[in-house]
Amino acid sequence: QVQLVESGGGLVQAGGSLRLSCAASGRSYRMAWFRQAPGKEREFVAAILWSGSSIYYADSVRGRYTISRDDAKNTVYLQMNSLKPEDTAVYYCAARVSPTTVRIERGTAYGYWGQGTQVTVSS
């Protein structure tokens with residue numbers, strides 16, 4: 001029903017920056033970024049609600065990452081600065097089209113997922 005397409009991943013040196021984009025086929029109430037490193041569980045990165053009314057970050061990225069959205073384009077962005085090798089992972093965009101009581105950092109709160117984009121940070 002809702003398709004999400006991520007872009008912007010790639011290879012970057014430690015201390016560098018990347019900007020990820022996620023284009024949705026329709027309006028989403030809640031959009032988020034998750035990531036999964038090899039051998040690790042999927043973890044929450046950041047989330048933003050409709051019109052940017054509320055923004056949330058994982059402790060591991062707070063102060064380095066910035067999430068934003070352009071509702072006119074149904075697109076969410078993740079600006080990643082001061083990247084570290086431990087940021088290496090596949091980054092997934094997620095969306096939910098209606099409000100929910102499920103905690104924002106839980107993957108079960110989201111009904112739609114993108115295919116993922118690889119981010120690799122070299123030391």
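Because the structure is a prediction, the values reported are computed rather than measured.
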Problem - Main-chain N/O of Q3 paired with S25 side-chain donor or acceptor, under 3.5 Å - result: yes

Exercise for the section: Side-chain contact test, heavy atoms from C-beta onward, threshold under 4.5 Å: evaluate it for S68 versus Q79 and give yes or no. Expected result: no

Problem - Same apolar cluster (I L V M F W Y, side chains within < 4.5 Å links), V61/I55 - result: yes

Handout entry: Shortest non-hydrogen separation from R96 to A109 and the atoms involved
Key = CD-O, 2.9 Å

Problem - Residue pair Q1 / Y112, side-chain donor-acceptor N/O under 3.5 Å - result: yes

Handout entry: Transitive ILVMFWY side-chain link V97 to M31, under 4.5 Å
Key = yes

Exercise for the section: Flag the pair I104 / Y56 as yes when at least one side-chain heavy-atom distance between them is below 4.5 Å, and no otherwise. Expected result: yes

Practice task
Determine the minimum heavy-atom distance between L4 and C22, stating which atoms define it.
Solution key: CB-SG, 3.9 Å

Handout entry: Basic-acidic side-chain contact under 4.0 Å: R62, D59
Key = yes

Problem - S60 OG to E43 CD distance, which is reported to the nearest 0.5 Å - result: 5.0 Å

Problem - S17 to N81 - nearest heavy-atom pair and separation - result: OG-OD1, 2.9 Å

Completion exercise
Between A37 and A89, the two heavy atoms sitting closest are N-CB, 3.8 Å

Problem - Residue pair T120 / V12, side-chain heavy-atom distance below 4.5 Å - result: no

Practice task
Return the minimal non-hydrogen interatomic distance between W113 and G107, and the atom names on each side.
Solution key: CZ2-O, 3.5 Å

Practice task
State whether a side-chain donor-acceptor pair under 3.5 Å links D70 with T75.
Solution key: no

Problem - Gap between atom CD1 of I48 and atom OG of S54 - 0.5 Å precision - result: 9.0 Å

Exercise for the section: Report whether L78 and F34 are members of the same hydrophobic cluster (ILVMFWY, side-chain heavy atoms less than 4.5 Å apart, transitive linking). Expected result: no

Practice task
With side-chain hydrogen bond (donor to acceptor under 3.5 Å, both in side chains) as the test, would you mind laying out the steps for R35 and Y91 before giving the verdict?
Solution key: CA-CA 4 Å; R35 67 186 183 185; Y91 283 70; 2.9 Å; yes

Practice task
State, yes or no, whether a side-chain contact exists between I67 and V76 at a heavy-atom distance under 4.5 Å.
Solution key: yes

Problem - Cationic tip of R30 above Y110 ring, under 6.0 Å, 45° of axis - result: yes

Practice task
Check V2 against S28 and note the closest heavy-atom contact, atom names and distance.
Solution key: CG1-OG, 4.4 Å

Exercise for the section: Establish, yes or no, whether a centroid distance under 6.0 Å links the rings of W33 and F44. Expected result: no

Practice task
Answer with yes or no whether the side chains of Q115 and E6 bring together a donor and an acceptor at under 3.5 Å.
Solution key: yes

Problem - Non-hydrogen side-chain atoms of R64 and D87 separated by less than 4.5 Å - result: yes

Problem - R42 NZ/CZ over Y92 ring centroid, <6.0 Å and within 45° of normal - result: no

Problem - Close side-chain approach of D71 and R27, heavy atoms under 4.5 Å - result: no

Exercise for the section: For Y29 and S98, run side chain to side chain contact (heavy atoms under 4.5 Å, CB included): C-alpha distance rounded to whole Å, both residues' side-chain angles, the deciding distance at 0.1 Å, then the answer. Expected result: CA-CA 5 Å; Y29 177 78; S98 62; 5.6 Å; no

Handout entry: Spatial distance of atom CD (E105) from atom CZ (R103) [nearest 0.5 Å]
Key = 4.0 Å

Exercise for the section: Report, as yes or no, whether the 6.0 Å neighbourhood of atom CD on Q118 holds more than 12 heavy atoms from other residues, nucleotides or ligands. Expected result: yes

Practice task
Side-chain contact test, heavy atoms from C-beta onward, threshold under 4.5 Å: evaluate it for V119 versus L18 and give yes or no.
Solution key: yes

Problem - Min side-chain heavy-atom separation R69-W50 under 4.5 Å - result: yes

